[in-house]
Protein chains: 2
Amino acid sequence: MSMLQLRLVDSKSSVTKEKILDAAEALFMEHGFEATGLRQITTGAGVNLAAVHYHFGSKEELLQAVLTRRLDPMNQERLALLDQLENDARGKPLTCEAIIGAMFIPALKLARDKARGGKNFLRLIGRAYADPAPFIRQFLSHQYAPMIAFFKAAFGRTLPHLPAKELSWRLHFLMGALSYTLAGTDVLKLISALNPIATDNDELLLRRLGPFLVAGLQAPLADLSELTARPKSGRRGVRSA
Amino acid sequence: MSMLQLRLVDSKSSVTKEKILDAAEALFMEHGFEATGLRQITTGAGVNLAAVHYHFGSKEELLQAVLTRRLDPMNQERLALLDQLENDARGKPLTCEAIIGAMFIPALKLARDKARGGKNFLRLIGRAYADPAPFIRQFLSHQYAPMIAFFKAAFGRTLPHLPAKELSWRLHFLMGALSYTLAGTDVLKLISALNPIATDNDELLLRRLGPFLVAGLQAPLADLSELTARPKSGRRGVRSA
DNA sequence: CGATGATTCAAACAAACGTTTGAATGTTTT
DNA sequence: AAAACATTCAAACGTTTGTTTGAATCATCG
């Protein structure tokens with residue numbers, strides 16, 4: 001009996017709760033967090049204004065709930081995919097393409113699922129990354145730290161010749177290209193103004209982004225001796241010849 | 001005499017005007033656009049609240065003024081650098097490193113100039129890129145479109161074997177890595193949690209980012225004929241001319 | 001000087017913000 | 001049915017928001 005009761009209570013409260021989550025997600029994506037009012041959310045969801053504080057406690061906690069609902073499964077899937085690849089490899093290091101795919105494919109699956117946020121949801125994440133609000137930063141780092149640690153370790157095994165510091169940098173660049181691409185900001189449309197890019201084919205997207213990232217990760221080490229040993233060096237800037 | 005009068009009037013109004021710009025820039029960087037109130041700006045600048053509307057018209061126009069003050073000279077310098085390189089090359093195509101440097105160095109110069117915004121200003125730009133507000137998007141695309149078009153043409157001459165569509169994509173990835181790096185978001189600190197990265201040495205930064213981007217731009221074309229995932233091992237040479 | 005225009009200032013504007021309250025409703029348990 | 005709990009609701013809370021107003025202050029000009 002108690003089981004059934006709990007399920008009923010849960011499913012009932014979930015109705016209002018998820019209506020709020022859906023409306024909040026859509027509006028946060030469209031206008032951003034700070035620019036979206038609670039009244040827009042509640043009227044958009046067809047629920048009472050106070051329902052937000054009853055179910056989530058505050059606007060900040062609502063945003064965290066919106067993010068976790070999508071990010072938690074996605075990162076879990078990333079780790080599961082990476083784990084499966086490494087099990088299949090039986091100790092042998094994976095290829096860069098495989099590891100990148102483990103990061104990329106779950107994100108694409110999320111972006112493709114129009115019922116669950118659609119591709120615009122990733123724009124919300126991209127925006128959250130750039131948000132200076134402390135509670136957002138704390139939330140994201142706590143959410144992403146374990147996953148990134150695992151992937152960094154995997155890349156380290158695949159690229160053993162790369163110093164750890166260099167790998168950190170290239171992972172950073174990789175995350176930049178990845179996030180920008182997934183977030184699909186205006187810069188894309190801006191560049192493609194002269195030569196339009198179709199963003200609807202995800203398979204092709206990975207085929208294009210993959211080689212770019214792999215080549216970057218496997219790029220030869222730069223000669224840093226000139227700078228580290230002798231900071232007085234007169235030559236600056238990049239080689240151009 | 002009218003000349004002198006104008007100059008006096010200008011320099012006088014510039015006092016209040018620039019005090020507002022400085023305070024707004026600092027606060028927009030720290031808390032974001034929406035989260036920053038006009039009263040924080042005016043009290044921080046030591047001016048009256050109404051001065052913002054008197055000198056700029058609205059909060060939105062203030063943000064545009066904050067952005068143009070730094071972005072306009074930076075993009076102009078980028079184009080000048082690119083133009084100079086192409087003049088020196090006398091018709092020969094530039095190297096990827098040179099073109100990337102023309103994009104990167106003016107941004108680094110801006111980031112290094114603590115008197116003029118410091119490196120945190122680039123975080124404001126990165127945040128502006130992800131902002132869904134229409135007036136910000138319109139402003140940025142209008143501000144950046146010409147510069148990007150020039151650089152895209154330069155890359156096209158350097159990488160003539162790349163189809164235009166592929167070049168658009170890789171430029172997009174490049175902008176992603178570049179913006180993320182310059183913006184210095186939390187993902188950097190997140191990745192570097194296990195292995196700290198020092199962000200204070202810009203020269204080293206370019207030396208690391210450069211090879212990553214060059215390798216990505218010069219990566220071999222992906223085989224788009226078949227879309228079945230196939231893990232390819234073996235060599236991926238990123239060396240090219 | 002008196003006049004003119006530019007700038008500053010304190011004060012108030014209506015609107016929207018996130019949050020709280022307390023009663024009304026619904027639902028489950030005793 | 002009655003007590004206990006969970007959820008919804010309309011209304012108001014006190015602040016804060018961006019913006020406007022009209023007088024005061026300042027500098028320049030005829």
Side-chain angles (χ1 to χ4, degrees), chain A residues 1-25 27-28 30-66 131 133-136 139, chain B residues 1-25 27-28 30-66 131 133-136 139:
Chain A
M1 292 298 243
S2 60
M3 287 290 285
L4 180 60
Q5 291 152 14
L6 279 177
R7 281 173 49 107
L8 285 179
V9 169
D10 272 355
S11 69
K12 184 175 177 301
S13 71
S14 290
V15 173
T16 300
K17 220 169 175 175
E18 284 197 15
K19 277 199 292 186
I20 294 178
L21 284 174
D22 289 338
E25 183 179 73
L27 288 168
F28 284 158
E30 196 172 349
H31 306 111
F33 174 67
E34 305 267 10
T36 302
L38 284 183
R39 282 160 183 84
Q40 305 175 39
I41 295 173
T42 52
T43 59
V47 302
N48 189 269
L49 170 62
V52 171
H53 295 86
Y54 178 80
H55 286 288
F56 299 97
S58 70
K59 191 189 177 186
E60 295 192 353
E61 288 171 280
L62 171 61
L63 174 63
Q64 295 183 8
V66 167
D131 203 300
F135 86 96
I136 293 184
F139 170 81
Chain B
M1 287 307 140
S2 59
M3 287 288 284
L4 180 60
Q5 291 151 14
L6 279 177
R7 281 174 48 107
L8 285 179
V9 168
D10 271 356
S11 68
K12 184 175 177 299
S13 71
S14 290
V15 173
T16 300
K17 220 168 174 176
E18 285 198 14
K19 276 199 293 185
I20 294 177
L21 284 174
D22 289 338
E25 184 178 73
L27 288 168
F28 285 158
E30 195 171 348
H31 308 111
F33 173 67
E34 306 268 9
T36 302
L38 284 182
R39 282 158 183 87
Q40 306 174 37
I41 296 173
T42 52
T43 59
V47 302
N48 189 270
L49 170 62
V52 170
H53 294 85
Y54 178 80
H55 287 287
F56 298 97
S58 69
K59 191 190 177 185
E60 295 191 353
E61 289 171 280
L62 171 60
L63 174 63
Q64 295 183 8
V66 166
D131 203 301
F135 86 96
I136 294 184
F139 169 81

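In what follows, every heavy atom counts, from backbone to side chain, and hydrogens, waters and symmetry copies are set aside. Below, chain A is the first sequence line, B the second, and so on; all start at residue 1.
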If I take atom [atom1] in residue [X] and atom [atom2] in nucleotide [N], what distance separates them, rounded to the nearest angstrom?
X      : N       : atom1 : atom2 : result
E18(B) : dT7(C)  : CD    : P     : 14 Å
Q40(A) : dC17(C) : CD    : C1'   : 11 Å
E34(B) : dG18(D) : CD    : C1'   : 12 Å
F56(A) : dT8(D)  : CZ    : P     : 11 Å
L63(B) : dT17(D) : CG    : C1'   : 17 Å
E61(B) : dG18(D) : CD    : C1'   : 13 Å
Y54(B) : dG5(C)  : OH    : P     : 13 Å
L62(B) : dT17(D) : CG    : C1'   : 15 Å

Say whether, by atom type as modelled, one donor and one acceptor occur between the side chain of [X] and the main chain of [Y] under 3.5 angstrom.
X      : Y      : result
T36(B) : L27(B) : yes
T42(A) : N48(A) : no
K59(B) : G37(B) : no

Considering every strand and a 4.0 Å limit on heavy-atom distances, what is the contact class for T42(A): base, sugar-phosphate, or nothing?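 Here T42(A) touches no strand at all.
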
Look at [X] and [N] and indicate whether a side-chain polar atom (N or O) is within less than 4.0 Å of OP1 or OP2.
X      : N       : answer
T16(B) : dT8(C)  : yes
N48(A) : dA10(D) : yes
H55(A) : dT8(D)  : yes

Apply side-chain contact (heavy atoms from CB on, under 4.5 Å) to the pair L63(B) and I136(B), showing each step before the final yes or no. CA-CA 9 Å; L63(B) 174 63; I136(B) 294 184; 3.8 Å; yes

Which letter, B, S or -, goes with each nucleotide of nucleotides 19-24 of chain D from 5' to 3', with contact meaning a protein heavy atom under 4.0 Å? BBB---

Quick one: are F33(B) and E34(A) in side-chain contact, heavy atoms under 4.5 Å?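 A side-chain contact under 4.5 Å is absent here.
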
Assess the residue pair I41(A) and F28(A) against the criterion (side-chain contact (heavy atoms from CB on, under 4.5 Å)); give the C-alpha distance rounded to whole Å, side-chain angles, the decisive distance to 0.1 Å, and a yes or no. CA-CA 9 Å; I41(A) 295 173; F28(A) 284 158; 3.9 Å; yes

Looking only at non-hydrogen atoms, find the nearest pair between A23(A) and G44(A) and report the distance.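 Closest pair (atom of A23(A), atom of G44(A), distance): CB-C, 4.2 Å.
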
